[in-house]
Amino acid sequence: MATANDPEQLIVSSIGKGENSSSEINIVREPLLKGEHHAENYSILSAVLPFLFPAFGGLLYGYDIGATSSATISIESATLSGISWYDLSSVQTGLITSGSLYGALIGSAVAFQIADWLGRRRELIVSALFYFLGALVTAFAPVYVILVIGRLLYGVGIGLAMHAAPMYIAETAPSQIRGQLISLKEFFIVFGMLVGYTVGSLLIETVAGWRYMYGVSAPLAVIMGIGMWWLPSSPRWILLCAIQGKGELQGLRENAICCLCQLRGAAIGDSASRQVDDILSELSQLSEEKEATIGEMLQGKCLKALTIGAGLILFQQITGQPSVLYYAAKIFQDAGFSAAADATRASVFLALLKVESWGRLFSFSFYLTLFFPGKE
């Protein structure tokens with residue numbers, strides 16, 4: 001069992017230089033939502049499983065990146081593709097690579113329309129279903145068009161999972177470790193890349209190896225789907241439905257308490273009812289606030305945050321990093337690793353570097369939380 005106490009206040013004092021001049025700056029860190037907040041009791045095991053199965057959505061996304069890097073080489077091989085339509089143009093190869101991204105765009109657009117109605121848990125179950133269908137259709141595709149359709153289906157799963165997984169983890173994880181678990185979900189994407197590159201390097205010399213590369217994700221999707229079916233719904237989403245008048249308040253409150261007890265395990269004790277009431281109070285405050293307009297997002301602090309967020313995504317794409325990851329094996333071939341096996345093995349080292357760099361970043365952020373603890 002782990003518990004944590006939230007600091008009440010952070011005061012930063014700075015003494016100016018000089019004999020007769022000094023200044024003191026007091027900065028009070030206030031919670032985003034007003035009201036009393038209590039430390040949450042939880043067991044480590046009960047906190048891991050609600051994180052693990054949603055994180056499989058990220059792993060399957062990363063796996064697709066790594067597997068596609070090797071699969072495109074396998075598909076275009078006259079001797080190893082096992083198909084008669086291996087002679088693809090660069091546009092056709094590009095559609096195979098970007099098919100999952102087009103599907104993810106569709107999935108993301110659909111998610112914003114159905115997310116609150118469907119719920120985080122059921123959205124992840126639907127995502128696992130699209131992952132499974134996409135993997136099977138792609139692996140058994142008899143012609144090029146069916147292959148692209150399979151890539152689109154798989155991409156819809158990516159879009160739904162990337163929307164629902166962070167929300168489910170954030171709404172079900174204990175507040176003391178919420179940030180770390182959401183960051184670890186990103187690690188699963190990077191780890192998935194490593195798995196995809198590794199599987200690709202092992203199957204690159206197998207006839208029709210690309211079918212197996214894409215097919216491997218099917219059992220992983222089954223694990224994700226079964227896991228999400230077993231996990232309870234997000235208590236916060238249940239209470240949001242109550243606030244929105246989508247059911248009887250007392251019944252939904254009891255359901256939320258039951259789900260929270262499943263998520264926290266025996267360690268939660270008798271505090272489940274109080275924690276649910278705290279969430280209900282916060283959601284009630286939020287529902288009373290005036291909804292922000294697009295114009296308000298383009299003013300003041302909102303504009304600054306929007307610029308930073310959009311800028312990070314923009315520069316990430318402008319650098320060409322996604323293209324390097326999807327075409328890593330081809331790039332290594334052009335760089336001198338002429339044999340497909342050598343090129344795919346070099347891609348594995350690229351993934352290892354990404355895992356190592358992510359580990360350093362996570363360690364840095366973890367130490368920051370130790371030395372500068374604060375309320376989320």
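From a predicted model like this one, the values you see are computed outputs, not experimental measurements.
Note on ring orientation: taking the six-membered ring where Trp is involved, the planes of Phe188 and Phe56 are tilted (angle from 30° to 60°).
Take Arg121 and apply the side-chain hydrogen bond (donor to acceptor under 3.5 Å, both in side chains) test, not counting sequence neighbours, and it matches no residue. Every side-chain hydrogen bond (donor to acceptor under 3.5 Å, both in side chains) that Thr68 has, sequence neighbours left out, goes to Arg151, Tyr214.
In this structure, Leu202 is not a member of the same hydrophobic cluster as Tyr63, with clusters built from ILVMFWY side-chain heavy atoms closer than 4.5 Å. Under a hydrophobic-cluster definition in which Ile, Leu, Val, Met, Phe, Trp and Tyr are linked whenever side-chain heavy atoms come within less than 4.5 Å, directly or via other members, Met162 and Leu153 are assigned to different clusters. Ile125 and Ile238 are members of different hydrophobic clusters when ILVMFWY side chains are connected at heavy-atom separations under 4.5 Å. Note on Ile182 and Leu49: same hydrophobic cluster, where clusters join Ile, Leu, Val, Met, Phe, Trp and Tyr whose side-chain heavy atoms are under 4.5 Å apart, directly or indirectly. In the hydrophobic cluster analysis, where Ile, Leu, Val, Met, Phe, Trp and Tyr join through side-chain heavy atoms closer than 4.5 angstrom, Leu147 is grouped apart from Phe130.
Judged by distance alone, the side chain of Ser100 and the main-chain N or O of Gly155 form no donor-acceptor pair under 3.5 Å. In this structure a side-chain-to-backbone donor-acceptor pair under 3.5 Å is missing from Thr138 to Ala135. Judged purely by atom type and a 3.5 angstrom limit, Ser70 has no side-chain atom pairing as donor or acceptor with the backbone of Ala67. When atom types are taken as modelled, the side chain of Arg122 and the backbone of Leu118 share a donor-acceptor pair closer than 3.5 angstrom. A donor-acceptor contact shorter than 3.5 Å is absent between the side chain of Ser69 and the backbone of Ile65. Side chain of Arg345 to main chain of Ala340: no donor-acceptor pair is present (N/O by atom type, distance under 3.5 Å, no hydrogens or angles). Side chain of Thr206 to main chain of Gly209: no donor-acceptor pair is present (N/O by atom type, distance under 3.5 Å, no hydrogens or angles). Remark: side-chain polar atoms of Trp237 are not paired, donor with acceptor, to backbone N or O of Glu171 under 3.5 angstrom.
Checked against the 6.0 Å centroid criterion, the rings of Tyr154 and Tyr131 qualify as a close aromatic pair.
By the 6.0 Å contact criterion, OH on Tyr144 is enclosed, its count of non-hydrogen atoms from other residues, nucleotides or ligands being greater than 12. When the shell of 6.0 Å around CH2 of Trp85 is examined, it contains more than 12 heavy atoms from other residues, nucleotides or ligands. Within a 6.0 Å radius of CZ in Phe191, other residues, nucleotides and ligands contribute 12 heavy atoms or fewer. No more than 12 heavy-atom neighbours from other residues, nucleotides or ligands sit within 6.0 angstrom of CD on Glu205.
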request  = Please lay out, stage by stage, how Val276 and Arg253 fare under the test side chain to side chain contact (heavy atoms under 4.5 Å, CB included).
outcome  = CA-CA 7 Å; Val276 165; Arg253 180 181 176 275; 4.0 Å; yes
inquiry  = Quick one, Ser74 with Met213, criterion side chain to side chain contact (heavy atoms under 4.5 Å, CB included). Give me CA distance, side-chain angles, the key distance, then yes/no.
reply    = CA-CA 10 Å; Ser74 177; Met213 295 176 200; 4.2 Å; yes
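Thr93 and Glu76 are linked by a side-chain donor-acceptor pair at a separation below 3.5 angstrom, with hydrogens and angles left out of the test.
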